[in-house]
Amino acid sequence: MENEPTPPQTPQPAQPAKAAKAADGAARSRSRRPAGPKNGQQPKANGAGNKSGGRGRGGNNSNANGGGSGNGGRSISRGQAIRAQKQSQMDAQRIVNQYASATAVAGNQRRANVIDDSPRLKVIGLGGMDGGGSKNMILVEYLNDAVIMDCGNDLGVDLPGINYGIADTTYLESIKQKLRAYIITHGHLDHIGGLPHIVPKFPAPIYGSNFTIGRVEEIFQNFGLPMPDGFELKTVTMNENTHERLKVGPFFVELVRITHSIPGSTVIVLDTPVGRLINTGDFRLDPNPLDHERSDIERLEQLGNEGVLALMSESTTVERPGRTPSESTIEQSFKDIIEAAPGRIFVGLFSTNMNRVQMIVNAAVHGGRKVAMDGRSMVSTLEMALRHGFMKIPKGTFVPIANVPNMKDNEVVVVCTGSQGEPSSALQRMASGDHRHIKLKEQDTVVLSSTPIPESGNDSLIGDMVDGLVRKHVHVFEHRHHDLDNIGPLHVSGHASRDEYADMINMTKPKFFVPIYGAYRSKQRHIELAIEQGIPRANTINAENGQIIAFTPDKMEIVGEVPHGTVLVDQTGAVVSNIVVKDRIVLAEEGLVAIVLTIDKKSGSLLTSPDIISRGFIYMREQEEIMNGLRVELRRAVQQRFKRVDLDRFKTELKDHITHYLFEQTQRSPIVIPVVNVVAGGSGGNKPEVKTAANGRTKTSEQIAQEQEKRFQEMRARLLTQDARVD
Ligand SMILES: [Zn+2]
């Protein structure tokens with residue numbers, strides 16, 4: 001996948017990826033809040049609540065409730081407050097559940113629900129069977145042997161502090177001893193990004209083409225966390241041009257050259273005792289690729305003639321009609337731009353698209369310009385590609401980015417990351433003036449050699465960046481407006497269109513057809529396309545993650561499900577618990593209020609005024625009434641309850657009480673954290689004065705406590721009745 005005009009997608013691998021996040025972020029945040037009144041309160045509840053005077057719990061009220069809260073005089077029951085809080089917890093849970101781990105996926109707690117020792121071939125998508133084709137990972141299991149095809153990550157996860165998701169490997173625990181190999185189709189992160197997490201836990205050699213293995217080594221080197229002691233990365237480089245076949249357990253593996261948007265892309269051919277499986281990986285059938293490494297059509301046809309049990313074909317852009325134009329159609333556009341540009345030229349593109357980098361370098365050399373590269377991920381991949389001899393760069397063409405300010409404007413082309421407007425990308429930093437060496441200026445030309453990833457929200461990021469550039473009188477060329485600008489196309493997709501997907505089916509002539517690596521709906525379209533090509537409907541399956549597809553030479557069926565899910569990973573590479581993420585969502589939506597109380601153990605009285613700390617809740621300084629009211633509530637709670645219950649219970653009650661109070665005042669349910677410091681021993685002159693004069697007499701502390709207890713009980717009773725009414 002990657003850099004494609006289709007749903008959830010990975011832009012810019014190795015970039016922090018935050019802003020370039022793909023997918024349904026917008027829709028998801030909409031769903032975080034239920035429409036209308038947040039806790040779904042019903043009108044009758046308000047009516048009932050108002051009985052107590054329209055201002056909270058009545059009786060003990062200070063003037064804290066006297067407005068400014070937007071409460072509109074409603075009284076809110078404890079039940080409502082608790083339900084509101086539950087609701088926000090549940091909303092958060094629902095959001096997290098989209099990426100639940102295997103143990104959290106409902107009905108998944110059990111082990112694989114079949115014990116199957118029959119000589120059937122089992123194919124299980126641990127990832128890549130939904131979500132637009134991300135964290136792609138397909139397990140093939142036969143008796144005592146297994147291999148994994150692709151092992152990617154999902155950069156489209158839109159959760160606070162989460163960088164990406166990887167497939168949950170709970171099931172692999174139970175078949176660990178069977179695992180013989182990882183076989184990788186190509187070096188995009190959604191196909192290799194899970195390897196540094198998963199291979200150390202389930203070691204086996206990684207098979208791939210020369211460029212793919214280079215990418216694998218690159219991501220292991222750049223991985224933030226240390227590998228476990230004794231772990232050794234084992235790779236097997238295969239030649240995709242010679243039809244080399246390697247024996248792996250009872251299987252034979254072959255890689256077949258295919259065109260995509262990264263060099264070294266391959267189709268996996270896995271010959272098993274039951275029959276031949278083909279996994280296309282990501283592909284298009286470019287008749288005229290820039291590196292002249294065309295898809296090995298002849299071999300695919302040959303394999304098809306020999307017989308293919310099942311074709312597992314990538315489904316990213318099945319909805320796109322016709323054929324994807326050749327990469328070579330954009331070469332002239334770059335030559336034209338470079339020829340006409342008055343000053344410096346900056347080209348933004350996806351960081352692993354080395355063929356396009358080569359093309360731009362060619363066009364720059366043609367126009368008599370030097371080339372500087374920038375963007376960490378792009379430079380890293382370029383270095384690897386140069387080391388492996390994948391690029392042909394004339395000596396003296398590359399110049400360091402730091403030299404660019406000292407060069408003549410019409411002598412340089414800068415190739416960099418940032419075609420999706422990602423905030424931390426090289427291009428964006430140059431545009432905003434935050435770049436160490438380069439600030440964009442009038443007469444510069446910027447070319448965005450990509451299209452915005454649909455449904456990613458990147459559209460508006462790009463829009464903002466282009467606005468900023470145009471304001472500075474920078475010339476901007478975007479692929480989507482190339483007609484307006486009177487220039488040829490500036491980007492082509494790395495994925496096939498319908499006719500090419502059909503070609504793949506017709507070349508390989510599979511008995512069974514299983515669409516993979518795409519959204520469920522795209523895979524369904526792919527099935528319809530396969531049926532049009534003559535595959536019987538009964539020989540197709542739209543499988544979901546975790547489902548076991550069992551094959552005999554004559555039959556394909558789903559026979560069960562294994563534990564599956566998503567494991568979330570943060571910027572450091574560490575796994576983050578779903579519970580932590582859930583708290584982050586509540587924090588993000590509702591904020592936090594911490595209450596710090598210092599209480600004298602002996603007297604049970606507050607020694608200092610309560611400290612109230614809030615973050616992301618409301619701006620407390622502007623809400624003095626709420627603050628004062630909260631302090632009154634806290635004092636009363638301490639006086640009435642501290643000496644009556646044990647500390648844990650006191651904290652729980654305090655938490656409930658404050659949650660209720662804040663919800664009543666603000667209609668929000670922040671996370672409330674009570675911190676109670678109990679100070680032992682009479683602290684001399686610091687003895688709090690809580691004696692109350694009533695009828696000219698000083699009450700004993702016992703009497704005060706009794707009265708307060710009574711009041712507190714009454715208050716609670718009232719609240720409980722309200723609950724009953726609301727319910
Ligand atoms: Zn790809």
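Please read these numbers as outputs of a predicted model, since none were measured by experiment. All residue numbers in this chain count up from 1 along the given sequence. Both ligands and their constituent atoms are indexed starting at 1 by order of listing.
- The name of the N, O or S atom in His188 nearest to the Zn ion (ligand 1) is ND1.
- Using modelled atom types, one side-chain atom of Arg356 and one backbone atom of Ser449 make a donor-acceptor pair closer than 3.5 Å.
- In this structure a side-chain-to-backbone donor-acceptor pair under 3.5 Å is missing from Thr235 to Ile206.
- Between the Zn ion (ligand 1) and His260 there is an N/O/S contact shorter than 2.8 Å.
- Of all heavy-atom pairs between Arg215 and Ile262, the closest is NE-CD1, 4.1 Å.
- Aromatic ring centres of His191 and Tyr517 lie closer together than 6.0 Å.
- Look at His186 and the Zn ion (ligand 1): an N/O/S atom of the residue is under 2.8 Å from the metal.
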